[in-house]
Amino acid sequence: MATPSHHQNPTNSTKRKKTQKNPEANFLYELNSCSKSKDLKAAISLYESAISNQTRLNQHHFNTLLYLCSTFSADPELRNLALAHGFRVFDHMMALNLHPNEASITAIARLAAAKGDGDYAFEMVKKLDDYRVLPRLRTYEPALFCFCQKLEAEKAYEVEEDINKMGLSLEESQIAALLKLSAETGRGGRVYEYFQKLRRSVRWVSEETGKVLEDCFCSKGSEVCFEGAKYEVGFVEEAVLRNGGGWHGLGWIGEGKWVVRKGNVELNGRCCCCGEQLGCVDIGDVETEKFAQSVAGLAMEREVKANFKEFQDWLEEKADYEAIVDGANIALYQQNFAEGGFSLLQLDAVIKEMYARSGNKWPLIILHNKRVRTLLENPSYRKLVEEWTNNGVLYTTPPGSNDDWYWLYAAVKLRCLLVTNDEMRDHIFELLGSNFFLKWKERHQVRYTFLKGTLKLQMPPSYSVVIQESEKGSWHVPIVCDDDEESSRTWLCITRPGACEDLGKTAANMETCENCNGPRCKLAMLNTGGSEILSTGGKNHASQDSFQKSDDKTTSMTGKRKERSP
C-alpha cells in the first residue's frame, strides 16, 4: 500500500528549513571561506553586499574582515586596498557600538603600523583597558616594530615598559628589534641590556637574530661599547661564579674594535675562532638557595616533617660530599627479568667509580630503610653496607618516605653531582617548575649504563650550548641547528683582539680553505671546525649596566621507579 504524500511533506519541509540559513549565517559562512582561501577582494565584495542588503553584522564578522585586511597590509599589490577597507571596517564596527576585543585591536594595530603610524597602533593597545580586555604580546608587536624601524627609540622603550607592566615577557624577535634599534641609535648600555635579555630568553638564536648581532658589532656607524670598564680579574671571576657560570653581567669589558667570526665549537667546549673555553652554565647562588628552600618546603608538606628536618640537620654536619647516589634507581636498573632483583653489585660499581673520579672521596648513598634491612640480613652484602655506614656515607630514609625528596635536596643544597637515571618528570618535580630545573639537571645529573656488566658513566657536558659572556668580555652565540651533531653547529664569536691571548695567534694562523670562501682556523690544539672573519666596528661608549642545558643527544635508560617503604 502506498504511503500518503502528506506523511512525506513534514520531513522534506524540515530538510528545506535546515538548509535555508539566515542572511547573517550565510554571510559568515561565505566570509569564512574567503578567509580560508585568503581572498581579500571576494571578502570585500561580500562586505559591500552585506551593507547593501542591510545584513546585521556582529563582532565576529568584523574581526574576520579585519584579520584579512591586516594579513594583506604588507602585500605590494593589495596593500592600499587592505588599508583603505581595514580602517573603514573598523570605523563601521565602532559606529555600531560593538566593543573591539584583543583580536580586533591587534588587527587594526597591524594596519596602523603598515601605514607607518606607530603612535596610532600603540594608542589602540592602550584603549583595550577601556573595554577591560587584556592585551597579548602580539597586540604590542605592531607598534614596537614600527617604532624600531623608524628609529624612534624612546617610543619603542615606552612600549616595552608597558609590556613589562602587563606581566608579559619579550621574545626573541622583539628583543632582537630593540637590540638593533639601540645599536643604530648609539645606545651602548641598552645594547648590553638587550644582549643579556636575549641570553636569558633563548638558548640559541635564529639565523635572523644572528644577522642582527653581526650588524650591531660590524657596523662602523653604530657606537656599541668599544671601551668597556676595567676590573680586577678576580672580581669578574667571582661574578661569573656567583651567577652560575656563562655570564658576569658587569657591562662591557675590554677595549678596541670588535671582531665577529662564524665558527664551530669543539666537543671539549673550546671555540675554534678565539681558542676560549666555553663554560658549563649552572643556576646562580640566589636561584640555588631558592631551589633548596623550595624542595625542603615541599618535602616537609608531604613527608613527616620531623624526619626530613632530621635529615637536613644531619646533612649540615656532613656537608662535604661531591656526589649523591640514588641507590634504588641504580640497583634496580634493568632488573625486570625473572632472576632480577636489587643488584648491589651495580650500586657498588657506581660508588667505586665515583670514589675514584673524585680523588678517593665517598659519595653519599641514599637508600630506603627497608632496603638496608634486607641487605643486612644477607651475609654476602652485610660487610659492604656496614662499610658504608661506618664511613658515614649511607643515609637510610625512614619508613613511609619518598627518597626522591632526600637525594634531590642533598644534591641541590650541597651543589654537587647526582647519579641517577631518573628523568625527574614525576609530580613532585612538576611542583618545582621547569625553567631553572632543567638547567640544574644538565649541570648536575650523572647518568649511567651497564653494557654486558660494564659500567659507563655519562658525566654532565663539558660546556653548555647557550649564549655565553666570558670573563674576558667576549661573547659566544649559538645559532639554531637542524643537525643533531653539535660539532656542526655554527657559533658567533664576538671578541676583541686584546681580550683573548689566543686571538692574535688565531688570526695569524688563518688561511684560505679550498672548500669554502672564508678563512680556516688552524689552532694547534683543535683539529676540526671552521672560522669565518666577518668584520670589525668603530667607536664605543663604556657601560656598566648590570643586569642557560646543552642538548643532551645521548639516549639514557631510566631504572625502575622506586616504591615507598612500608
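Counting from 1, the numbers follow the sequence of the chain as shown.
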* List in chain and number order the residues that pass salt bridge (charged side-chain N to carboxylate O under 4.0 Å, His left out) with E289, two or more places apart in sequence or in another chain; answer none if no residue qualifies. =>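 With neighbours one apart ignored, the set is K413.
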* **With E471 via salt bridge (charged side-chain N to carboxylate O under 4.0 Å, His left out) - residues at least two apart** =>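 Listed in chain order: nothing, the list is empty.
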Sequence neighbours left out, cut at 3.5 Å: what donor-acceptor pairs do the side chains of residues 314-324 make with other protein atoms?
| from | atom 1 | to | atom 2 | distance (Å) |
| --- | --- | --- | --- | --- |
| D320 | OD1 | K361 | NZ | 3.3 |
| Y321 | OH | G392 | O | 2.4 |

Sequence neighbours excluded, which residues qualify as side chain to side chain contact (heavy atoms under 4.5 Å, CB included) partners of [X]?
X: S462; result: none
X: E152; result: F147, K150, K155
X: N164; result: E160
X: E232; result: F235

Does any N or O in the side chain of [X] come within less than 3.5 Å of the main-chain N or O of [Y], such that one atom is a donor and the other an acceptor?
X: T420; Y: D422; result: yes
X: Q468; Y: S464; result: yes
X: T397; Y: S401; result: no
X: E214; Y: V260; result: no
X: S358; Y: M354; result: yes

The criterion is side chain to side chain donor-acceptor pair (under 3.5 Å); which residues satisfy it with [X], sequence neighbours excluded?
X: Q174; result: E141
X: R415; result: D285
X: R138; result: E102
X: D129; result: none

[X] and side-chain contact (heavy atoms from CB on, under 4.5 Å): which single residue from [options] fits?
X: R447; options: Q458, K456, M459; result: Q458
X: V466; options: V202, V281, L278; result: V281
X: I366; options: Y406, W405, Y409; result: Y406

* Please report the C-alpha distance between Y157 and E161 in whole Å, then the side-chain angles of each, then the deciding distance to 0.1 Å, and finally whether the side-chain hydrogen bond (donor to acceptor under 3.5 Å, both in side chains) criterion is met. => CA-CA 6 Å; Y157 299 149; E161 288 176 11; over 6 Å; no
Pairing of [X] and [Y] as salt bridge, 4.0 angstrom limit:
X: R242; Y: E238; answer: no
X: E287; Y: K290; answer: no
X: E237; Y: K472; answer: no

Can you check whether [X] reaches [Y] side chain to side chain, under 4.5 Å on heavy atoms?
X: V191; Y: W252; value: yes
X: N402; Y: E303; value: yes
X: L457; Y: E353; value: yes

* Hey, mind stepping through S173 and E171 against side-chain hydrogen bond (donor to acceptor under 3.5 Å, both in side chains) and telling me if it holds? -> CA-CA 6 Å; S173 60; E171 295 177 353; 5.5 Å; no
* To do: Quick one: list whatever passes ring-ring contact (aromatic ring centres under 6.0 Å, His included) with W440, sequence neighbours left out.
  =>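 Checked W440 against ring-ring contact (aromatic ring centres under 6.0 Å, His included); matches are F291, H444.
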* **Residues I253, H248; criterion side-chain contact (heavy atoms from CB on, under 4.5 Å); working and verdict** => CA-CA 10 Å; I253 292 178; H248 53 73; 3.5 Å; yes
* Given S474 and E276, is the side-chain hydrogen bond (donor to acceptor under 3.5 Å, both in side chains) satisfied, shown in steps? -> CA-CA 9 Å; S474 61; E276 202 163 353; 2.7 Å; yes
* **Charged tip of R496 within 45° of W258 ring normal and under 6.0 Å** =>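 Yes; both conditions hold, so R496 lies above the ring face of W258.
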* Asked: Could you go step by step and tell me if Y448 and N329 meet the side-chain hydrogen bond (donor to acceptor under 3.5 Å, both in side chains) rule?
  -> CA-CA 10 Å; Y448 61 87; N329 181 270; 2.6 Å; yes
* Assess whether salt bridge (Lys or Arg N to Asp or Glu O under 4.0 Å) is satisfied between E208 and K211, documenting all intermediate values. => CA-CA 5 Å; E208 294 78 13; K211 185 64 171 63; over 6 Å; no
* Parallel, tilted or perpendicular: which fits the ring planes of Y333 and F450, with parallel below 30° and perpendicular above 60°? ->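 Ring orientation of Y333 relative to F450: tilted.
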* Asked: So Y140 and F122, would you call those rings parallel, tilted or perpendicular, with 30° and 60° as cut-offs?
  ->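 Y140 and F122: tilted rings.
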* What pair of heavy atoms forms the shortest contact from C416 to A410, and how long is it? ->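 Result for this residue pair: SG-O, 4.3 Å.
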* **Trace of the side-chain contact (heavy atoms from CB on, under 4.5 Å) decision for C274 with H476** => CA-CA 10 Å; C274 67; H476 291 86; 3.3 Å; yes
* Can you check salt bridge (Lys or Arg N to Asp or Glu O under 4.0 Å) on K197 and E193, steps first, answer last? -> CA-CA 6 Å; K197 286 185 177 182; E193 175 188 345; 3.3 Å; yes
* Would M166 and R136 count as a side-chain contact (heavy atoms from CB on, under 4.5 Å) if you check the C-alpha gap in whole Å, the side-chain angles of each, and the deciding distance to 0.1 Å? -> CA-CA 9 Å; M166 296 304 299; R136 295 164 60 182; over 6 Å; no
